[in-house]
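To start, the structure under review is shown below, and the notes come after it.
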Protein chains: 2
Amino acid sequence: MSVYTSNQPRAGLDDDKIPPNCINNITVDNLIFAVENGNLKVLLVKYSEGLAADKWGLIGHWVQEDENLDSAAVRVVKTITGVDNLYLDQLAAFGNVDRYPIRRTITVVYYSLVRMEETCVVPKNDRSQCQWFDVRKLPELMFDHRHIMDKGLARLQYKVRHEPIGFNLLPEKFTLLQLQEIYEAILNKKFDKPNFRRKILKMNFLIDCKEKQTNVAHRAASLYRFDNHVYEKLREFGFTFEY
Amino acid sequence: MSVYTSNQPRAGLDDDKIPPNCINNITVDNLIFAVENGNLKVLLVKYSEGLAADKWGLIGHWVQEDENLDSAAVRVVKTITGVDNLYLDQLAAFGNVDRYPIRRTITVVYYSLVRMEETCVVPKNDRSQCQWFDVRKLPELMFDHRHIMDKGLARLQYKVRHEPIGFNLLPEKFTLLQLQEIYEAILNKKFDKPNFRRKILKMNFLIDCKEKQTNVAHRAASLYRFDNHVYEKLREFGFTFEY
DNA sequence: GCAAAAGTGTTCCGTTTACACCCATGG
DNA sequence: CCATGGGTGTAAACGGAACACTTTTGC
């Protein structure tokens, strides 16, 4: 009997649970990040049976014979969160001989950024559950997932300082303070508001929507959106973005 | 008949050439960099038979059942160059469905820095040869190796600006101008000598050997060596090195 | 008016850049 | 004495950090 269903990537983690169309020694795992109330969160899964029962871990699955690694990562994230159009980047491959107890398994790890309000995490069932965790208050993780998490956090902190990826965590239109809170959540430090404004605006990645917030108990802030055109232009020629 | 011998990683590239103790769908490939006369070089291999006959490619091999990914990369580099104590870091995994013609193969790519004068590249034989190429004048590469090379160069350029890794390409004792030439070779741009000196020295990664060059037709330069102790200290607490 | 956040202005200070200039050595 | 690279000094420009201050909105 297999506990695998289309809704539960790597549901049981045991050797006989690998779906027949999958490569039996390659998985993808995902660090799925979101920000909620100024805190950086990561989505973890726990299985009630199998190898790592009752430990939390990254959301992953076996790679199918006919899909690219990136596609596998997108598939897994979409299956669990419902999010389709997401920011996704490869972290690294992890493949130490003893990282996975049953058999030699290499995992290619991706990290992705999702807007929490767009996610629709698949509900708990009797075999697995998913839950958002504050990245500074993580439970014990299965296998080498703690090591992977540390590498992933470091990479995310690097990325956000060198490419304008923060907007992937926000609604399409956002205020500068919201963006600042994203940076503060990821980098785990505070910034000076006036200086943050100037620095971000000088980079020219933001377009003023010419709209204001409404129904706020203070002066309404301008709404901005990310200028993908300018970003692609700069990508093409290589650029230096540094927060 | 297999053309594999211990001296020739992935000698033939054909399906029946995979050694029995290796995982048949995972390889490591290596971007082996060195600097010669102020030019950044990369070591490539060409096979006279098999799938990619007469095209140049990265130096790789199948991963053995009983070795970590890192160990496999070290093994391959040592086999080809004789270099043991090298700088080695993972670039990424590449695993598109169609990247390798015969069968689905995922490659985990590493990049390493070697001092060219310490290398002893295995000699040409009738089935393969290795050669150093200037990274700005590369031949056509097999499979997806051009794509991998571009990613690897970008990573190396990032790395050298954020961690003091340049000394891995130099003898133990070196002059500041030699170090500057490493930076110029990797980043493909010129720096102002006085400013480079000050910037590097201020970072405190270098120890003055209190020795001078000899037999040079100009004022003898001071020799420096890399201070691994200071580097590890800073690693521990997280640091910002930026060239 | 008050609280809260938006948004502007300004000062200070360290860093970067550009370049002038002197020093040591071999031929 | 000249060519070559080693090495120091410095002035101007730039950019980040800190913080005072004004503006707008809902209650």
Side-chain angles (χ1 to χ4, degrees), chain A residues 35 37-38 157 160-162 164 166-167 170-171 173-185 187-225 234 239-243, chain B residues 35 37-39 160-162 164 166-167 170-171 173-185 187-225 234 239-243:
Chain A
V35 170
N37 301 328
Q157 294 189 343
V160 80
R161 293 199 309 117
H162 295 266
F167 64 92
L170 289 171
K173 298 174 180 181
F174 50 85
T175 69
L176 289 177
L177 188 62
Q178 284 178 296
L179 187 62
Q180 181 175 341
E181 282 164 355
I182 295 293
Y183 275 77
E184 292 178 340
L187 298 172
N188 202 22
K189 72 191 256 195
K190 295 287 177 192
F191 295 104
D192 177 85
K193 186 174 43 152
N195 294 337
F196 184 88
R197 290 181 60 80
R198 276 186 287 257
K199 187 154 188 173
I200 291 291
L201 288 175
K202 192 152 55 69
M203 292 173 182
N204 275 100
F205 289 111
L206 297 186
I207 297 174
D208 189 338
C209 297
K210 312 282 184 197
E211 292 177 52
K212 298 273 180 188
Q213 283 179 312
T214 49
N215 282 61
V216 283
H218 54 76
R219 178 170 169 180
S222 291
L223 293 173
Y224 292 87
R225 58 191 171 81
L234 287 176
F239 63 107
T240 48
F241 170 101
E242 171 107 21
Y243 195 88
Chain B
V35 170
N37 301 326
N39 294 115
V160 81
R161 293 200 308 114
H162 295 266
F167 65 92
L170 289 171
K173 298 174 181 183
F174 50 84
T175 69
L176 290 176
L177 189 61
Q178 283 177 297
L179 187 62
Q180 181 175 342
E181 282 162 356
I182 295 293
Y183 275 76
E184 293 178 340
L187 298 172
N188 203 22
K189 72 190 258 197
K190 294 288 177 192
F191 295 103
D192 178 85
K193 187 175 39 151
N195 294 337
F196 184 87
R197 288 182 62 80
R198 275 187 287 257
K199 187 153 187 172
I200 291 291
L201 287 176
K202 194 153 53 72
M203 291 173 182
N204 274 101
F205 289 113
L206 297 186
I207 296 173
D208 190 337
C209 298
K210 311 283 184 195
E211 292 178 54
K212 298 273 180 189
Q213 283 178 314
T214 49
N215 281 61
V216 284
H218 53 77
R219 176 171 170 180
S222 292
L223 294 173
Y224 293 87
R225 59 192 170 82
L234 287 175
F239 65 107
T240 47
F241 170 100
E242 171 108 21
Y243 193 88

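The chains referred to below are lettered A, B, ... by the order of the sequence lines, with proteins before strands, and numbering in each begins at 1.
Residues forming a ring pair (Phe, Tyr, Trp, His ring centres under 6.0 Å) with F167(A) (at least two apart in sequence, or on another chain): F226(A). Taking K190(B) as the reference, E184(B) meet the side chain to side chain contact (heavy atoms under 4.5 Å, CB included) condition, with sequence neighbours excluded. In this view, F191(A) and Y243(A) satisfy the ring pair (Phe, Tyr, Trp, His ring centres under 6.0 Å) rule, not counting sequence neighbours. For R219(A), the side chain to side chain contact (heavy atoms under 4.5 Å, CB included) criterion is met by no residue, not counting sequence neighbours. Every residue two or more places apart in sequence or in another chain was checked for a side-chain hydrogen bond (donor to acceptor under 3.5 Å, both in side chains) with Q157(A), and none qualifies. A search for salt bridge (charged side-chain N to carboxylate O under 4.0 Å, His left out) contacts involving K212(A) returns nothing, not counting sequence neighbours. Checked against side chain to side chain contact (heavy atoms under 4.5 Å, CB included), Q213(B) has the following partners two or more places apart in sequence or in another chain: T175(B), V216(B), H218(B), A220(B), A221(B), L223(B). Remark: F174(B) engages no residue in a ring pair (Phe, Tyr, Trp, His ring centres under 6.0 Å) (not counting sequence neighbours).
Between V35(B) and E181(B), every side-chain heavy-atom pair lies at or beyond the 4.5 Å cut-off.
For K212(A), a side-chain nitrogen or oxygen approaches OP1 or OP2 of dG7(C) to under 4.0 Å.
Of the residues in residues 190-197 of chain B, those lying under 4.0 Å from DNA chain D by heavy-atom distance are K193(B), P194(B), R197(B). Applying a 4.0 Å cut-off to non-hydrogen atoms, the residues of residues 214-222 of chain B that approach DNA chain C are V216(B), A217(B), H218(B), R219(B), A220(B), listed by residue number.
Per the geometry, CZ belonging to R198(B) stands 11 Å off C1' belonging to dC19(C), to the nearest Å.
When DNA chain D is scanned in the 5' to 3' direction for atoms under 4.0 Å from non-hydrogen atoms of chain A, the outermost contacting nucleotides are dG16(D) to dG26(D).
In this structure, L176(A) reaches neither bases nor backbone, as no heavy-atom distance under 4.0 Å exists between it and the strands shown.
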For residues 198-207 of chain A, which side-chain N or O atoms pair as donor and acceptor with protein atoms under 3.5 Å away, sequence neighbours left out?
unit_1, atom_1, unit_2, atom_2, d
R198(A), NH2, N195(A), OD1, 3.0

